[in-house]
Amino acid sequence: MAFYRKSRAVKDALPLRRMLPFALLVLLAVLLVIFLVGDGTVTSSSSFVNMYGGSAAWETDRPLVIHLKSELKLPKQSILSMSLDQRNKLPPRNMDRFPNLAKDHTKIVLYVHNRPQYLRSVVSSLTAVKGITETMLIVSHDGYFAEMDRIVQDIRFCQVKQIFAPYSPHLFPDGFPGVSPGDCHDKDDPIVSKCNGTADQYGNHRSPRTVSLKHHWWWMMNTVWDGMEETKGFSGHILFIEEDHYIYPNAYRNLQLLIGLKPMKCPECYAANLAPMDVNSIGEGWDMLVAEKMGNVGYSFNRTVWRKIHTKAKEFCSFDEYNWDITMWATVYPSFGTPVYTLRGPRRSAAHFGKCGLHQGQGKSSSCIDNAEARFQLDEIDKILNIKPDWKVHVVKKQNGYQAGFKGWGGWGDERDRELCLSFAYMYHDVQILSG
């Protein structure tokens, strides 16, 4: 009996002994982190640190992020800003008409500014898209403009979810991120003029109307992927289009096929596009798929790609360039280490038709007006699925356009904009505040 008790005790102790090396390893790792934090070694722009693990961590909705020294720097909200935040929590509309989304659906995000004549055209084009009733249309507004809101409220052809950027410069007429009293303007010298602001690389101070473009895109991306119940746990692709993109009737079906073919035909491709990188191109018309540099018209990717983009928040937010797409081409994509290819068909399924810039048409003295009539000659082949699964892929290895090394057009030099941008990157994540 004594022998049995001794054997049992030894046997019970074996698992503990096996655990000792692992426990010691964990303890050493914790001590190392404490040392590095205390020593100030773990730092990054505005004291943010991204704590992503392996590929499994990329798939989580809200990875752990440690933010050192201070809280997220989000502006104090106005009554309008807070009311828009509440509207962001409302469920999608038209669920009585379309109660269920297709199992393999691709969500569509339409991001808009203040060009109602353009928005009417893109909404009109979406009504004719085959399969549009199967998915959800998420409309992201850069602030609030009543006419833009009314147009979206009238959509009846699918589930519609509206989100409004509550920190848009357009919502803050008397303070940052709008125009703050005492702000520097143009090429003011802060010391001589006794004003506030950090100039860009060309000596120019921020323009709220201009920086809103990059702020909205980045806020939208973080919100769509990490801040919405409707996308929580969604592992599929999300298609992003803009208010001056005319969408062809075959766009959704073509995109679904491209997404399905991508793992086999182009496993190195990050995305699937509806249009060529060259916005003026209608496509080659070949019986062949095309892999080329990722464009900004009708682009789609999944959460894994978003996680990779998000790890470059510091690079995105600190690059002195007010255009989000040029920022991606010149600094974020090159940092991935390999070419960022997208897969598309040989004929476009979406087209850019706008003439007015995003920061035009919003002021009385500098308005930009055109009739915004999107007139495209659509052949019958543009109305049906026109991609074949057995086509080979032509890879465009020479990547034209903005490249690594381009220093940016400026407009994004103010430290406040960079801090706000970084705050957007982490506002939906599990954040820990460390003292010291």
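Note that this is a predicted model, so its numbers are computed, not measured. Along the sequence shown, the residues carry numbers beginning at 1.
- The only option from F424, W306, Y322, Y167 that meets the ring-ring contact (aromatic ring centres under 6.0 Å, His included) definition with W218 turns out to be W306.
- In summary, the aromatic rings of F157 and F98 are positioned with their centroids too far apart to meet the 6.0 Å limit.
- Considering only heavy atoms from C-beta on, F316 comes within 4.5 Å of K214 through its side chain.
- The pair D226-R307 meets the salt-bridge criterion, since a charged nitrogen lies less than 4.0 angstrom from a carboxylate oxygen.
- At least one cation-pi condition fails for K312 and F319: the charged atom is not both under 6.0 angstrom from the six-membered ring centre and inside a 45 degree cone around its axis.
- For H237 and Y299, the ring centers are positioned 6.0 Å apart or more.
- In the model, D188 has no side-chain atom that pairs as donor or acceptor with a side-chain atom of H205 under 3.5 Å.
- Side-chain N/O atoms of H215 and D417 include a donor and acceptor closer than 3.5 Å.
- Taking each heavy atom of W412 and C317 in turn, the nearest pair found is NE1-O, 2.8 Å.
- For I79, the CD1 atom is loosely surrounded, since the number of other residues' heavy atoms within 6.0 Å does not exceed 12.
- Distance check: I238 CD1 to T106 OG1 gives 9.0 Å after rounding to the nearest 0.5 Å.
- For K107 and T231, the side-chain atoms include no donor-acceptor pair closer than 3.5 Å.
- Applying the salt bridge (charged side-chain N to carboxylate O under 4.0 Å, His left out) test between E284 and each of R348, R344, R347 identifies R344 as the sole match.
- With a 4.5 Å cut-off on side-chain heavy atoms, R93 and Q162 count as touching.
- Y144 and D149 share a donor-acceptor pair across their side chains, judged by distance under 3.5 Å alone.
- Taking the centre of each ring, F301 and W225 come in below the 6.0 Å mark.
- Remark: I387 CD1 to N254 CG distance equals 4.0 Å, nearest 0.5 Å.
- Contact of the P116 side chain with the I151 side chain is registered, since non-hydrogen atoms from C-beta on lie closer than 4.5 Å.
- Using modelled atom types and a 3.5 Å distance limit, the side chains of Y402 and W409 yield a donor-acceptor pair.
- Contact check on R120 versus E147 returns a salt bridge, with a Lys/Arg side-chain nitrogen under 4.0 Å from an Asp/Glu carboxylate oxygen.
- Atom CD1 of I138 and atom CD of E230 lie 7.0 Å apart (nearest 0.5 Å).
- Seen from the ring of Y270, K308 does not count as a face-on cation partner, given the 6.0 Å and 45° thresholds.
- Of all non-hydrogen atoms in A291 and C269, the two that sit nearest each other are CB-SG, 4.0 Å.
- The ring of F234 has its center closer than 6.0 angstrom to the ring center of H105.
- The closest side-chain donor-acceptor pair between D142 and N114, if any, does not fall under 3.5 angstrom.
- With respect to the salt-bridge test (charged N to carboxylate O, under 4.0 angstrom), the residues E419 and R416 do not qualify.
- The existence of a salt bridge linking E134 and R253 is confirmed by a sub-4.0 Å separation between a basic side-chain nitrogen and an acidic carboxylate oxygen.
- For the residue pair H113 and E243, no side-chain donor N or O sits within less than 3.5 Å of a side-chain acceptor on the partner.
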